[in-house]
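This report concerns only the one structure given below.
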Amino acid sequence: MNELDQFKKQWKENENFMKLNQSEIKAILHKSSTSIVKWIFIICCLELLLGITLSFILPSEKEEFLAFELLNWTYEIISYIAIFYFIYIFFKLLKKIKNTNNTKSLMEAILAVRKNADHYIKFNLWCINYVIIISLLHNIVAEFYESHSWSMVLFILILGSILSFTFGYVFIKLAKGYYHLIYGKLLKKLNHNYEELTRLEEES
């Protein structure tokens, strides 16, 4: 953004320069926004690829409870459909941003990227919570099935809840840190571009 900052400095010093180079500033913002959305799209694809790779690499045990097997299949189907949906949306918005020459359309696309990125992050955090809860319930059911002891089930429930809350809290914090570091940084730049475009539209 150094080039843009230089332009902004000269705008303040010379109004004629501002009018002459507004299109150049918009071109810089357009190029920057395209690059940001492209990286969001690439990161989503890499995350999907990582998930698929891990599903093949990590060993999986045969599920003995039909209900949990159905839940696992349902979760996997929904999660993959949702991720493919987000990838499609980001790809579509990337093409829209890349091909548009209209400032209003560019600003609308930037807002759409921000909204969908926020939904994508919330969906992934929901998935983490879901996996933690289902794992806890699975352990409780498995223990009762083996021991038929309500006292043991109660013990597993309390211990499992404490462990699930502790590890879940840490894992979700790490996930939020990851999304804040990766997506937060990109969305912050995208938001800056949106603010610059808004200001240019008001001054034109």
Side-chain angles (χ1 to χ4, degrees), residues 1-54 79-129 170-204:
M1 297 299 292
N2 291 334
E3 185 179 359
L4 180 58
D5 292 335
Q6 291 176 4
F7 273 116
K8 288 168 65 178
K9 183 178 179 182
Q10 294 180 44
W11 282 358
K12 294 178 181 179
E13 296 174 354
N14 191 332
E15 292 184 0
N16 293 326
F17 180 87
M18 178 188 67
K19 293 177 182 178
L20 182 66
N21 289 281
Q22 270 199 5
S23 60
E24 295 176 338
I25 297 298
K26 289 179 180 179
I28 293 173
L29 293 170
H30 183 271
K31 183 179 179 181
S32 172
S33 299
T34 302
S35 176
I36 291 168
V37 178
K38 181 178 72 175
W39 273 109
I40 291 175
F41 172 73
I42 290 172
I43 293 170
C44 284
C45 290
L46 290 175
E47 288 174 350
L48 176 62
L49 181 62
L50 177 63
I52 294 174
T53 303
L54 288 176
S79 60
Y80 279 123
I81 289 174
I83 292 172
F84 275 118
Y85 166 78
F86 282 115
I87 288 176
Y88 167 75
I89 291 296
F90 288 132
F91 177 73
K92 189 176 178 181
L93 290 170
L94 174 60
K95 286 184 65 178
K96 182 178 180 180
I97 290 176
K98 192 174 182 180
N99 297 327
T100 187
N101 292 318
N102 183 275
T103 303
K104 185 178 179 181
S105 297
L106 176 59
M107 293 171 70
E108 289 174 352
I110 289 175
L111 286 176
V113 171
R114 286 166 50 188
K115 182 182 74 174
N116 282 282
D118 182 60
H119 290 165
Y120 175 72
I121 292 170
K122 287 179 179 178
F123 172 77
N124 282 298
L125 292 175
W126 175 86
C127 286
I128 294 172
N129 283 313
V170 172
F171 195 79
I172 289 174
K173 280 291 183 181
L174 290 174
K176 285 183 176 180
Y178 163 77
Y179 288 122
H180 178 74
L181 178 65
I182 303 298
Y183 292 96
K185 187 176 181 181
L186 291 171
L187 292 174
K188 184 177 180 181
K189 291 180 180 179
L190 198 62
N191 187 57
H192 176 74
N193 289 355
Y194 180 83
E195 291 174 353
E196 289 293 331
L197 287 167
T198 303
R199 186 178 61 79
L200 286 174
E201 285 295 289
E202 291 174 351
E203 293 179 354
S204 61

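Predicted model, so just to flag it, every value in this text is computed and none were measured. All values below come from the heavy atoms of this structure, side chains included, with hydrogens, waters and symmetry mates left out.
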Residues forming a side chain to side chain contact (heavy atoms under 4.5 Å, CB included) with [X], sequence neighbours excluded:
X      : result
Asn102 : Thr100, Lys104, Ser105
Ala27  : none
Lys92  : Tyr88

Heavy-atom closest pair (Phe90 atom, Val113 atom, distance to 0.1 Å) is CE2-O, 4.0 Å
Heavy-atom count around Tyr80 OH within 6.0 Å, excluding the residue itself: above 12?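 Yes, the 6.0 Å shell around OH holds more than 12 heavy atoms from other groups.
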Atom NZ of Lys176 with >12 non-hydrogen neighbours under 6.0 angstrom: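 Counting neighbours around NZ of Lys176, 12 or fewer heavy atoms of other residues, nucleotides or ligands fall under 6.0 Å, so no.
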[X] side chain near [Y] side chain, heavy-atom distance below 4.5 Å:
X      : Y      : result
Leu49  : Thr53  : yes
Ile110 : Leu197 : yes
Ile36  : Leu187 : no

Among all residues two or more places apart in sequence or in another chain, which pass the ring pair (Phe, Tyr, Trp, His ring centres under 6.0 Å) test with [X]?
X      : value
Tyr194 : none
Phe123 : none
Phe41  : Phe91

How long is the span from the [atom1] atom in [X] to the [atom2] atom in [Y], to the nearest 0.5 Å?
X      : Y      : atom1 : atom2 : result
Ser33  : Leu94  : OG    : CG    : 11.0 Å
Ile97  : Leu29  : CD1   : CG    : 12.0 Å
Leu125 : Ile172 : CG    : CD1   : 7.0 Å
Leu190 : Leu111 : CG    : CG    : 8.5 Å

Looking only at atom types and distance, does a side-chain atom of Ser32 sit under 3.5 Å from a main-chain N or O of Ile28, one as donor and one as acceptor? no
Strictly distance-based, threshold 3.5 Å: is any side-chain N or O of His30 a donor or acceptor partner for the main-chain N or O of Leu106?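 No; judged by distance alone, with no hydrogens or angles, the pair does not exist.
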Side chain to side chain donor-acceptor pair (under 3.5 Å) pairs, two or more places apart, involving residues 38-50: Glu47-Tyr120, Glu47-Tyr178, Glu47-Tyr183
Apply the test side-chain contact (heavy atoms from CB on, under 4.5 Å) to residues Ile83 and Cys44: give CA-CA distance (whole Å), side-chain angles for both, the deciding distance (0.1 Å), then the verdict. CA-CA 8 Å; Ile83 292 172; Cys44 284; 5.9 Å; no
Contact list for residues 109-123, test salt bridge (Lys or Arg N to Asp or Glu O under 4.0 Å), sequence neighbours left out: Asp118-Lys122
What pairs of residues pass the salt bridge (Lys or Arg N to Asp or Glu O under 4.0 Å) test when at least one of them lies in residues 180-193, not counting sequence neighbours? none
